[in-house]
Amino acid sequence: MANPSSCGLMSLNCNKAGMVGLDKDKINQVIEAASKGSKFYVKKQEDQARIDSQVADMRQAVAGLSHSQVDRARKEADRVVETLRSERDLSRTIVHVDMDMFYAAV
């Protein structure tokens, strides 16, 4: 993957069961070669370029903030977090089970 902004666009998610010991770099090269030029890949590149631009704009905006503005924003965020924590209901338990094809194949 020569383009640094395309890293992770079309790559292997090796954080799943059964993926230990795979040659991630080789698999990512195959995925990259097979995907390059497809409409989906081009759309992903455009989306990533837009996201990179937004991140750069946000970093520039943050760099222009004074120390007191950052402190004020942090304190406000802390107040919002504390309000949300005090209002949450932890009396219920919700269980989500994700049974994908790996489990069906076993």
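Below, each value reflects all heavy atoms present in this structure, side chains not excepted, and no hydrogens, waters or symmetry copies.
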Legend entry - Test item: side-chain donor near acceptor, N28 and E32, under 3.5 Å: no

Legend entry - Neighbour count >12 (heavy atoms, 6.0 Å) for atom CD, Q54: yes

Inset, instruction - Would you indicate whether the side-chain heavy atoms of I27 and V30 approach each other to under 4.5 Å? - result: no

Legend entry - Pairing of E46 and R50 as salt bridge, 4.0 angstrom limit: no

Inset, instruction - Applying side-chain contact (heavy atoms from CB on, under 4.5 Å) between D78 and each of R74, E82, E76, report the one that passes. - result: R74

Legend entry - Distance in Å, K44 NZ paired with I51 CD1, rounded so as to fall on 0.5 Å steps: 8.0 Å

Inset, instruction - Kindly write out the residues that satisfy side chain to side chain contact (heavy atoms under 4.5 Å, CB included) with V62, not counting sequence neighbours, or none if the list is empty. - result: none

Inset, instruction - Drop me the distance from Q29's CD to D23's CG, to the nearest 0.5 angstrom. - result: 8.0 Å

Inset, instruction - Report yes if some heavy atom in the side chain of R79 is under 4.5 Å from a heavy atom in the side chain of K75; otherwise report no. - result: yes

Legend entry - Considering all heavy atoms, the nearest S86-T83 contact: OG-O, 2.8 Å

